[in-house]
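Order of appearance sets the numbers: ligands from 1, and atoms from 1 within every ligand. The figures here come from the full heavy-atom set of this structure, side chains too, leaving out hydrogens, waters and symmetry mates. A quick note: this is a predicted structure, and the numbers were derived from the prediction, not measured.
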Amino acid sequence: MLESLALYGGTPIRSTTLPYGRQWITEEDIAAVVEVLRSDWLTTGPQVAALEASFASMVGAQHAVAVSSGTAALHTMMAALGITSGDEVIVPTLTFAASANCVAYQGATPLFADIDPATLLLSPPEVERLISPRTRAILAVDYAGAPCDYSALQTLAERYGLHLLADGCHALGAKRDGHPVGSIAEMTAFSLHPVKHITAGEGGMVTTQDPILAQHIRLFRNHGITTDHREREQRKEWQYEMVELGFNYRITDMQCALALSQLRRLPDFLKRRSAIAQRYQKAFSTISGISPLQVPEGVDHAYHLYVVRVDSPTIDRNLFLRALRAEGIGANVHYWPVHLHPFYQKRYKTGPGQCPVAEAAACCIVSLPIFPRMTDRDVDDVITAVNKVLLGLHARL
Ligand SMILES: *Cc1c(COP(=O)(O)O)cnc(C)c1O
C-alpha cells in the first residue's frame with residue numbers, strides 16, 4: 001500500500017501537476033487588451049473608469065477605485081483613514097502577510113486576533129479582547145471566500161467607535177445574509193492577481209459607499225496630487241497641488257481592459273467554483289482522516305480556496321501535503337499565521353501561544369486545487385489522490 005504512493009516510488013495519479021489555482025484567459029480577453037494598445041490611453045484612461053463602474057455595481061458599492069495591487073488597495077484604505085504611528089488595527093492572524101503589512105506601512109501596530117475553530121474566520125470575542133484606547137480599526141478577512149460575521153463585528157465597531165474594514169481578496173462575489181462583500185464594511189480591498197476570482201495580471205480595487213473616502217483613495221493612488229492629468233487637461237490648467245504624501249498606485253488601461261473582460265464571466269466562475277466545492281464536499285463526507293471547514297449560516301461562499309483539515313491523529317499534515325504533491329496535486333497551506341513570521345516576532349514582539357486556535361489550525365490545514373477551468377476529471381483526480389494518500393499513510397502504521 002505504502003509503496004503505491006508516488007512519494008515512495010509508486011505511479012503518480014497525474015503526470016503533470018495540477019496547480020491550486022490559476023487564471024482562465026480567453027481570446028476575447030486578449031482582444032480587449034490588444035485594442036487598448038492601439039488606443040490613445042495606456043493608463044488612467046477610459047478602461048480604468050469602465051472597470052471601476054462595473055465593479056462597483058457588481059458588489060453593490062457606490063464607489064470603486066482601481067489600484068495597482070490588492071496590497072496597494074489595503075495600504076490605501078489605511079492611509080485614507082489616517083492610520084498612523086501610535087494607532088492599532090486588529091487583524092486576524094490566519095491571513096496573507098499583506099493584511100498586516102498595510103498597517104505596518106503606516107507605522108501603526110497590527111494586533112493579531114485569533115479565529116473561530118470551526119470556520120477559521122476572525123472571532124468577534126477575540127477582537128473585543130484586544131480593543132484598547134489606541135485601537136482605530138478592525139480589518140476583517142473573508143478567509144477562503146466566506147464572509148466574516150459582519151453583524152457582530154459591526155456591533156463592536158459601533159460600541160467602541162472603530163472603523164470596520166474588509167480584506168475581501170478571497171471573497172469577490174461572496175455574500176453574508178444577502179449583502180455582497182464590497183458593500184458591507186466601510187471600505188473593502190480586492191485583488192486582481194491571477195489566482196483570485198478575476199485577474200488583471202496584477203491589480204486591486206477599493207470599494208466604499210463614502211464619496212469622501214473614495215476621493216481620498218484617488219488622491220493617495222496618485223502621489224497625493226489633487227487632480228489627475230486627464231482632469232487637468234479637461235480644465236485646461238497646468239497647475240497641480242500635492243496635498244499629502246501618496247504613492248504611484250495607478251493601474252494601466254491594459255490591465256483594466258483584461259479585468260473588465262473577466263468580470264463579465266464572474267458569475268460563471270463563481271458557479272463553477274461552487275460546483276467543484278460541492279463535488280469535494282460530497283466525496284469527503286464519507287471518508288475519515290480529513291474534514292472540510294464549516295460554512296456558517298447566511299454565507300454565500302466564493303470558494304477562492306477549498307480548505308480541509310487533516311484530522312487523523314496518525315497522519316502528519318506535512319507528510320500528507322508532500323504525498324499529495326508527489327501524486328501531481330498542487331496542494332498548499334494558507335497560511336502560516338502572520339504573528340509567527342520573523343519580521344513580526346522581531347518588530348512587534350509577537351510569538352507562539354498568542355493565537356492558539358490559529359496556530360493549531362495552521363498545522364493541519366491543506367488547500368486543495370480549485371479554479372474554474374478545472375474539469376470534472378481534474379476534480380476526480382484530486383479526490384482519488386486524497387483517498388490514495390490517506391489509505392497509504394494509514395497503512396504505514
Ligand atoms: C492576494 C491577497 C492579498 C494581496 O493581493 P495582491 O494583489 O497580491 O497584492 C491580500 N490579502 C489577501 C487575503 C490575499 O489573498
Contacts table for ligand 1: protein N or O within a distance under 3.5 Å of ligand N or O, distances only.
from	atom 1	to	atom 2	distance (Å)
ligand 1	5 (O)	Ser191	OG	3.3
ligand 1	7 (O)	Gly70	N	2.8
ligand 1	7 (O)	Ser191	OG	2.7
ligand 1	9 (O)	Gly70	N	3.3
ligand 1	9 (O)	Thr71	N	2.9
ligand 1	9 (O)	Thr71	OG1	2.5
ligand 1	11 (N)	Asp167	OD2	2.8
ligand 1	15 (O)	His170	NE2	2.9
ligand 1	15 (O)	Lys196	NZ	3.0

Legend entry - Lys/Arg-Asp/Glu bridge criterion (N-O < 4.0 Å) met for Arg272, Asp376: yes
Inset, instruction - Verify, without hydrogens or angle tests, whether Asn387 (side chain) and Thr384 (backbone) share a donor-acceptor contact under 3.5 angstrom. - result: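 No, because the side chain of Asn387 does not come within donor-acceptor range (under 3.5 Å) of the backbone of Thr384.
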Legend entry - Gly204 backbone acceptor or donor facing Ser68 side chain under 3.5 Å: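 Here the side-chain-to-backbone pair does not exist.
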Legend entry - Side-chain donor-acceptor contact under 3.5 Å, Asp142 with Tyr150: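 The criterion, which ignores hydrogens and geometry beyond distance, is satisfied for Tyr150 and Asp142.
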Legend entry - Inter- and intrachain pairs under salt bridge (Lys or Arg N to Asp or Glu O under 4.0 Å), touching residues 13-29, at least two apart: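 For residues 13-29: Arg14-Asp378, Arg14-Asp381, Asp29-Arg265.
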Legend entry - Output field: ring centroids Phe112/Tyr344 closer than 6.0 Å: yes
